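Structure record follows, encoded as structure tokens.
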Amino acid sequence: MFGLTPAEWEAVELSLRVAGVATLASLPFGILAGLALARGEFFGRTALNVLVHLPLVLPPVVTGYILLILFGRRGPIGEFLESTFGIVLAFRWTGAALAAGVMGFPLMVRAIRLAIEAVDPRLEQAAGTLGAGRIATFFLVTLPLALPGVIAGAVLGFAKAIGEFGATITFVSNIPGETRTLPAEIYTLLQVPGGEGGAIRLTVIAIIVAVGALVASEILAQRARRRVAGL
Amino acid sequence: MLEVSARHEVAGFTLDVAFAAGGGVTALFGRSGAGKTTLAGIVSGLVRPKAGRVVLDGEVLLDTAAGTMVPARRRRIGVVFQEGRLFPHLSVRENLLFGRRFLPRRAPANMAAIVELLGIETLLDRRPRMLSGGEQQRIAIGRALLMEPRALILDEPLAAIDLPRRAEILPYLDRLKREMRVPILYISHAIEEIARLADTVVVLEAGRVAAAGPAAEIVAGLRLPSLAPRDEGVILVANVERTMPGRPTLLRHAAGELAVPPVDAPPGTPLRVRIHARDVALAVGEPGRLSFRNRLPAVVQEITRRGDGEVLVRLDAGGSAILSRVTEDAIDDLGIRVGDPVTALMKAVAVEGY
């Protein structure tokens, strides 16, 4: 299909795996952050807000470099992860997933936060009078009502992760079959003579994935709005 | 037994009240802005007052002096909110059973009985958004009952429902009142609802208790005439004597027999009858051939002239008070004075029993 070469297929497959793992792994944190920002009243709320949105405004190369400093084999977190759990992120596809997850996080949290803010707090109060504690109320009322928005946030994060380039290439380089994701493959193809054909094929695939994700996210967001309005 | 005292300030408004609610229905009555809903929130645990104490059946739920505040989820006080607040993503059945999973020991659900009481058998598998306001409110009541509450708060349960639909719910509230053993706090600004349901009334005005006492006295306006300036009335309690299909129901009262529009209740059932002062005419001597079906012998106890050409006459009929609003001219023409025997005349269609 699309006349892709094995190397190009490898890049597409890797990108989907990296983005999928990035999205699933960051989703619980995204929900926690979204909940904290939507409903929380605590010291450091503004700091959390800034931290979450930082990858959106920092140059991706800077984000990638910070990840390299922190999660590289000699970085404080990277060294701890390797010595304690035997997990290596630097120059591995797992590192690419981390970079993609971090870059997609602001978009994911924003959608989740809006969805949680749209849940009527009076319903949560009603759950309280019926005996539900905070955690039960979250899982039985808040999360189900916000779910379409949470899914929309995950889809946005996934689309962002698929396209992540700057932070990924800075943090985990551009190793074929390991960290050469779809954008890195396009970049590589453009560096060699006669690579334009492959670049165009991958570009089309990138557009399809991005548009598909946006449409899916829009449909889900709309359903969320209707659901919360009780229509 | 529910004992409440609270002082609270919200946006320049001060609430300072104390009252007790025993079994039966205690109505918190007052205009909007009188502090009724804030007070309900203090009892249910959703509002923490500046200072206050709430004790339910001897258990301290709130005591700001001692720093005690049992959270709403542990109070087991069922709340029916003005807007229902059903969970839109759950079916009616799931809404009804929501509170049961948090009960410490799960007695077998008396769901069938409650569903039957509220007449919601056919709605169980539907979503709340598909239902009318009245149906939603009945489900909200069922949801609160199924959590086996130790007290029940109904916060203006009819306010969000259009007028014709209210009549559909009131009979269910009558049954609820008869079958519930726990204190019910009924919040409303509608005197008709209070007259029909309340045993005790606490009148709130600008955050303070303006009057409190048995419903019959409060509704008659005896303690607080400003409550119903031109719509005084009394509540009599009378037992059903005889019902016949398509015919007025006959009630037995100490003062005599009362005919009211047909009520479906077996003989012996105590019913409430609300009689508006403006619907009571007075006759001196034998009334003669008139269409008034209700004629109760009474004695004039008090005549209050209000200076607007109308008077309020208070009668004693078999030990119960009846109020009559008539013109000053009528009183003068008939020469009625305190202590005179008269006959109170009421059309059967103007007297409602429930």
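We name chains A, B, ... by the order of the sequence lines, and we start the count at 1 in each one. Keep in mind that the numbers below use all heavy atoms, side chains included, and drop hydrogens, waters and symmetry copies. As the structure is a computational prediction, the values presented were derived from the model and not from experiment.
When all heavy atoms of B:Arg101 and A:Leu140 are compared, the pair lying nearest together is NH1-CD2, 3.7 Å.
With contacts defined as side-chain heavy-atom distances shorter than 4.5 Å, the pair A:Leu130/B:Phe87 qualifies. Looking at heavy atoms from C-beta onward, B:Pro88 lies in side-chain contact with A:Leu123 at the 4.5 angstrom threshold.
Few gaps surround CZ on B:Phe13; more than 12 heavy atoms of other groups in view lie less than 6.0 Å from it. No more than 12 heavy atoms of other residues, nucleotides or ligands sit less than 6.0 Å from atom NE2 of B:His189. By the 6.0 Å contact criterion, CZ on A:Arg134 is open, its count of non-hydrogen atoms from other residues, nucleotides or ligands being 12 or less. Surrounding CZ of B:Arg76 are more than 12 heavy atoms belonging to other residues, nucleotides or ligands, all under 6.0 Å away. Heavy-atom neighbours of B:Phe19 CZ from other residues, nucleotides or ligands within 6.0 Å: above the threshold of 12. The environment of CZ in B:Arg7 is sparse: at most 12 heavy-atom neighbours from other residues, nucleotides or ligands sit within 6.0 Å.
One finds the CZ atom of B:Arg73 at 14.0 Å from the CD atom of A:Gln125 (value rounded to the nearest 0.5 Å).
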Would you sort out whether A:Thr129 and B:Leu46 count as a side-chain contact (heavy atoms from CB on, under 4.5 Å), showing the intermediate values?
CA-CA 8 Å; A:Thr129 65; B:Leu46 296 174; 3.9 Å; yes

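With a 4.5 angstrom heavy-atom cutoff, B:Ile153 does not touch chain A via any of its atoms. Both the backbone and the side chain of B:Arg85 have a heavy atom closer than 4.5 Å to some heavy atom of chain A.
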